[in-house]
Amino acid sequence: MDNKYEKLAVRFESKLKHLIANYKSLKNENEKLAVEVTNLKNELMQTHKSIIELQEKCNHLRMANTLATTEEEKMIVKDQLGKMVREIDKCIALLTE
């Protein structure tokens, strides 16, 4: 009888050690993922802020374009709008990554 309980205790101890190892591994992975989530949230907020700023610039340039009186002013405004659109496209590409 004693041998039977010893085998049972050894098996229990082995399974317990395995569960503890799995717990530690999952805990470490969870911590890493939490850090990654925080970093991604910060990056998303920065990108969102950049998009809002670029949208405001775009709106200001649209108003400037409506006020521009010469062709030269319109070309300058058009170039600035093109640059902003490219910046917005870059931000969108970063968001989709």
Side-chain angles (χ1 to χ4, degrees):
M1 251 335 165
D2 213 15
N3 192 19
K4 183 179 177 181
Y5 291 121
E6 285 179 24
K7 287 181 182 179
L8 186 60
V10 168
R11 229 173 65 207
F12 176 76
E13 184 180 355
S14 173
K15 288 184 178 186
L16 184 60
K17 286 181 182 178
H18 182 71
L19 283 174
I20 291 171
N22 282 345
Y23 169 77
K24 288 179 181 178
S25 173
L26 289 172
K27 185 178 177 183
N28 288 338
E29 184 179 351
N30 189 33
E31 290 171 357
K32 289 178 186 177
L33 290 173
V35 168
E36 185 177 350
V37 165
T38 301
N39 291 339
L40 288 172
K41 282 182 179 180
N42 289 336
E43 183 180 336
L44 180 62
M45 286 191 322
Q46 289 296 332
T47 307
H48 184 65
K49 183 179 176 183
S50 296
I51 288 173
I52 290 172
E53 290 173 1
L54 289 172
Q55 286 173 338
E56 288 176 5
K57 286 181 183 179
C58 186
N59 289 336
H60 292 161
L61 285 175
R62 283 184 184 145
M63 284 196 285
N65 192 28
T66 59
L67 298 175
T69 56
T70 66
E71 287 300 317
E72 183 179 329
E73 289 175 346
K74 288 182 181 179
M75 290 302 293
I76 292 171
V77 170
K78 183 179 176 183
D79 289 339
Q80 289 174 341
L81 282 173
K83 289 177 185 176
M84 280 192 241
V85 168
R86 285 189 290 277
E87 287 182 42
I88 290 172
D89 288 340
K90 288 178 187 177
C91 289
I92 291 171
L94 286 173
L95 281 173
T96 58
E97 289 180 357

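Note that this is a predicted model, so its numbers are computed, not measured. Just so you know, these numbers use all the heavy atoms, side chains as well, and skip hydrogens, waters and symmetry mates.
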For the atom pair [atom1] ([X]) and [atom2] ([Y]), what is the distance rounded to the nearest 0.5 Å?
X	Y	atom1	atom2	value
D89	E87	CG	CD	10.5 Å
E13	E6	CD	CD	12.0 Å
L33	T38	CG	OG1	10.5 Å

Notebook entry, point to check: Do the side chains of F12 and I20 join up, straight or via other hydrophobic residues, at under 4.5 Å, putting them in one cluster?
Noted result: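 Linked, F12 and I20 end up in one cluster.
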Next item on the list: Identify whether the distance between the nearest side-chain nitrogen and carboxylate oxygen of K57 and E53 falls below 4.0 Å.
Entry: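 E53 and K57: not salt-bridged.
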Note to self: On a heavy-atom basis, which atom in L54 and which in M84 lie closest, and how many Å separate them?
What the structure shows: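 Of all heavy-atom pairs spanning L54 and M84, the closest is O-SD, 4.0 Å.
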Check: Which pair of heavy atoms, one from C91 and one from T47, lies closest together, and at what distance?
Finding: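 Taking C91 first and T47 second, the nearest heavy atoms are O-CG2, 3.7 Å.
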Next item on the list: Give a yes or no on whether E31 atom CD has more than 12 heavy-atom contacts from other residues, nucleotides or ligands under 6.0 Å away.
Entry: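 Yes, the 6.0 Å shell around CD holds more than 12 heavy atoms from other groups.
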Margin query: Quick check: do L19 and K15 have side-chain heavy atoms less than 4.5 Å from each other?
Written below: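 No, too far: nothing below the 4.5 Å cut-off.
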Notebook entry, point to check: Is a side-chain donor or acceptor of S14 paired with a backbone partner of V10 at a separation under 3.5 angstrom?
Noted result: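 Here the side-chain-to-backbone pair does not exist.
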